[in-house]
Amino acid sequence: MTARLRNAACLAALVAGGAAQADVTADQVWENWKSQMMVNGEDSVSIGAEESSGGVVTVRDLVISFDDPEASFEANFGDLTFTEQGDGTVSITMSDSYPMSITTVEGAVINLIASQEGLEMLVSGDPDAMNYEVSADTYTIALDNVVDGDVTFNGEAKVVLNDLVSTYDVTNGDLRNIDYAGSLASVDLLIDVQIPGGAGDYITGGGKIENMVMNATVAMPMDADFENPDDMFTNGFAASGGYTVDNGAYIFDINAEGDQASGSVTMGETSLTGEISNEIVAYDTSTKDVAVSVTTSQLPFPVEVGLSEYGVGFEMPTAKSDTPSPFGINLDFVDLTLNDMVWNLFDPGSVLPRDPATVQFALSGLAKPLFDMMDPAQQDAMNASDMPFELAELNLENLRIAAAGALVTGTGAFTFDNSDMQTFAPLPKPEGDVVVEISGLNRLIDNLISMGIVRAEDAMGPRMMMGMFARSTGDDRLETKLEVTEDGRVLANGQQIR
């Protein structure tokens with residue numbers, strides 16, 4: 001687990017907490033907070049004083065700090081009050097604002113101010129299953145100043161979370177299980193910084209994200225040692241979560257060392273999910289309706305790029321098993337467009353079709369890990385192994401490349417016999433086929449020749465290869481079927497090549 005993930009988990013614990021329908025006391029809620037804050041060690045938490053009387057716990061001068069190899073962090077929360085409400089719940093109040101600082105390894109100190117308006121935190125449940133309900137009209141993190149040696153400079157930079165609503169459940173058993181769900185009506189971003197020492201250098205920008213919905217689930221060992229996280233996964237640590245947003249829009253204007261650039265970025269529906277445990281590592285993200293417009297001092301015209309969808313994802317099993325588990329990887333760049341002024345840089349005669357370009361690729365399959373990949377004790381053996389996985393199936397779910405009037409598509413599926421590691425050594429023997437169809441390729445080559453990008457004699461070789469390994473299925477349409485038979489023969493369009 002990285003230091004950044006560890007620190008993020010610690011911060012999240014401070015603004016939320018732990019699920020059920022019974023009674024909790026102010027002392028119990030405060031103890032729950034302390035147990036979560038001290039995941040980085042007792043030295044990471046400093047408390048000026050603790051006072052408990054009449055169902056009210058007052059904590060004075062609470063300071064949280066932790067280090068990672070890149071920077072150190074400190075937040076001074078000041079005073080907090082935990083008050084029993086008389087109905088089995090506890091409310092928490094804290095200062096309207098508090099300072100935070102980040103110190104880099106180079107010694108620069110970034111001072112921040114966190115503030116909130118209309119913050120309400122209410123805790124219910126029982127000592128082993130607490131539910132925190134958190135809401136705020138706004139929650140803001142803003143730049144105060146940056147101190148780098150003898151230089152101190154100010155600037156406006158802030159992130160504002162609007163209409164925050166969230167719940168955070170913590171259930172203690174063999175593991176501490178944390179479930180989080182939250183939403184934001186919008187997020188506002190602003191930066192306006194004059195770079196000190198520069199000749200008018202600056203960075204300005206702003207943005208808005210609409211309707212963010214978040215969720216996360218974490219299982220954590222009760223005695224987790226985040227300073228020595230090597231055995232975290234083998235002891236049960238697991239995390240999953242993600243978010244969705246309806247849309248986002250950003251503008252920027254940057255001047256650095258005489259080079260100026262300005263522009264805008266807009267995007268539609270966006271989603272991200274991730275999962276990591278001793279069993280699996282997975283990630284998936286997708287963004288629709290991306291539009292980018294940039295004007296720079298290096299070009300006499302704007303650069304405009306559009307994309308109807310961008311996505312990337314992968315899934316990989318990580319636990320040693322006697323049975324194969326699913327894996328996969330996918331990449332999607334759908335309907336990429338450029339404005340005519342960019343096209344004219346390399347195709348001033350409009351020879352090439354300017355249709356939107358697409359690249360899509362998706363593989364899936366079944367594989368059996370031969371090691372527990374998250375276990376530090378097995379790392380050396382895994383690294384020394386030629387094949388840490390035993391491959392059972394591999395499927396080309398989708399191949400689609402469309403650009404400049406040409407189109408390539410493909411699908412296929414193979415199974416693997418792991419009892420035969422000699423026929424296709426060092427791989428297990430495959431059986432199956434893949435079919436690739438190509439259209440418009442000859443026309444594209446002719447266009448490239450007419451543009452002078454490719455010489456006619458240089459195109460002869462690729463055309464001869466296409467004739468050998470592909471068969472015509474129509475006007476400028478080709479198909480190649482590559483097949484591996486049960487007896488180990490390799491066929492291309494029915495002709496044996498191995």
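Predicted model only: the values in this text are computed from it and were never measured.
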Check step by step if side chain to side chain contact (heavy atoms under 4.5 Å, CB included) holds for Asn398 and Phe361.
-> CA-CA 5 Å; Asn398 184 32; Phe361 176 74; over 6 Å; no
Do Asp332 and Gln360 pass the side chain to side chain donor-acceptor pair (under 3.5 Å) test, and can you show the C-alpha distance, the side-chain angles, and the key distance before you say yes or no?
-> CA-CA 5 Å; Asp332 293 286; Gln360 292 180 289; 2.8 Å; yes
Got a donor-acceptor contact below 3.5 angstrom from the [X] side chain to the [Y] backbone?
| X | Y | value |
| --- | --- | --- |
| Asp169 | Tyr132 | no |
| Thr270 | Gly268 | yes |
| Thr204 | Asp253 | yes |
| Thr285 | Ser271 | yes |
| Thr103 | Gly107 | no |
| Asp126 | Ala129 | yes |
| Asn32 | Gln28 | no |
| Gln379 | Met373 | yes |
| Thr358 | Asp335 | yes |

Closest heavy-atom contact between [X] and [Y]?
| X | Y | result |
| --- | --- | --- |
| Leu391 | Asn418 | O-ND2, 2.8 Å |
| Pro326 | Pro317 | O-CD, 3.4 Å |
| Ala219 | Asn177 | CB-OD1, 3.5 Å |
| Ala71 | Ile102 | CB-CG2, 3.9 Å |
| Met382 | Pro388 | CG-CB, 3.9 Å |
| Asn172 | Pro127 | ND2-O, 4.0 Å |

Pairwise distance [atom1]([X]) to [atom2]([Y]) - rounded to 0.5 angstrom:
| X | Y | atom1 | atom2 | value |
| --- | --- | --- | --- | --- |
| Ile203 | Asp192 | CD1 | CG | 10.0 Å |
| Leu370 | Ser321 | CG | OG | 10.0 Å |
| Ile141 | Ser97 | CD1 | OG | 12.5 Å |
| Asp23 | Gln85 | CG | CD | 12.5 Å |
| Met100 | Ile64 | CE | CD1 | 12.5 Å |
| Lys208 | Ser186 | NZ | OG | 3.5 Å |

Which class fits the ring pair Phe77 and Tyr98: parallel under 30°, tilted 30 to 60°, perpendicular over 60°?
-> tilted
Using the six-membered ring wherever Trp is involved, compare the ring planes of Trp30 and Phe82 and label them parallel, tilted or perpendicular (cut-offs 30° and 60°).
->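 If you compare the ring of Trp30 with that of Phe82, the planes turn out tilted.
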Pair Phe327-Leu363, side chain to side chain contact (heavy atoms under 4.5 Å, CB included): steps then yes or no | CA-CA 8 Å; Phe327 71 89; Leu363 279 177; 5.5 Å; no
Regarding [X] and [Y], do their side chains bring together a donor and an acceptor under 3.5 Å, going by distance alone?
| X | Y | result |
| --- | --- | --- |
| Gln298 | Asp259 | yes |
| Ser364 | Glu397 | yes |
| Thr217 | Asp179 | yes |
| Asp137 | Asn162 | no |
| Asn211 | Asp246 | yes |
| Asn255 | Gln260 | no |
| Ser52 | Asp27 | yes |
| Asp87 | Thr89 | yes |

Hey, is Lys34 close enough to Glu50 for a salt bridge, meaning N to O under 4.0 Å?
->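 Between Glu50 and Lys34 there is a salt bridge, with a charged N closer than 4.0 Å to a carboxylate O.
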Are Asp372 and Lys320 within salt-bridge range, i.e. N to O under 4.0 Å?
-> no
Take atom [atom1] of [X] as the centre, draw a 6.0 Å sphere, and report whether it contains more than 12 heavy atoms from other residues, nucleotides or ligands.
| X | atom1 | answer |
| --- | --- | --- |
| Lys158 | NZ | no |
| Asp96 | CG | no |
| Glu31 | CD | yes |
| Asp174 | CG | no |

Would a 4.5 Å heavy-atom cut-off, applied to side chains only, mark [X] and [Y] as touching?
| X | Y | answer |
| --- | --- | --- |
| Phe314 | Val281 | yes |
| Lys288 | Ser308 | no |
| Met387 | Pro428 | yes |
| Phe233 | Asp375 | no |
| Phe389 | Met316 | yes |
| Leu143 | Ile110 | yes |
| Val57 | Trp33 | no |
| Asn330 | Asp284 | yes |

Would Tyr243 and Asn215 count as a side chain to side chain donor-acceptor pair (under 3.5 Å) if you check the C-alpha gap in whole Å, the side-chain angles of each, and the deciding distance to 0.1 Å?
-> CA-CA 6 Å; Tyr243 66 83; Asn215 68 86; over 6 Å; no
Begin from the C-alpha positions of Met214 and Ser183 and carry the test side chain to side chain contact (heavy atoms under 4.5 Å, CB included) through to its verdict.
-> CA-CA 6 Å; Met214 306 155 286; Ser183 65; 5.6 Å; no
Take Thr273 and Tyr283 through the side chain to side chain contact (heavy atoms under 4.5 Å, CB included) test and state the conclusion after the steps.
-> CA-CA 6 Å; Thr273 60; Tyr283 172 88; over 6 Å; no
side-chain contact (heavy atoms from CB on, under 4.5 Å) partner of Val134, chosen from Leu119, Val165, Ile92 | Leu119
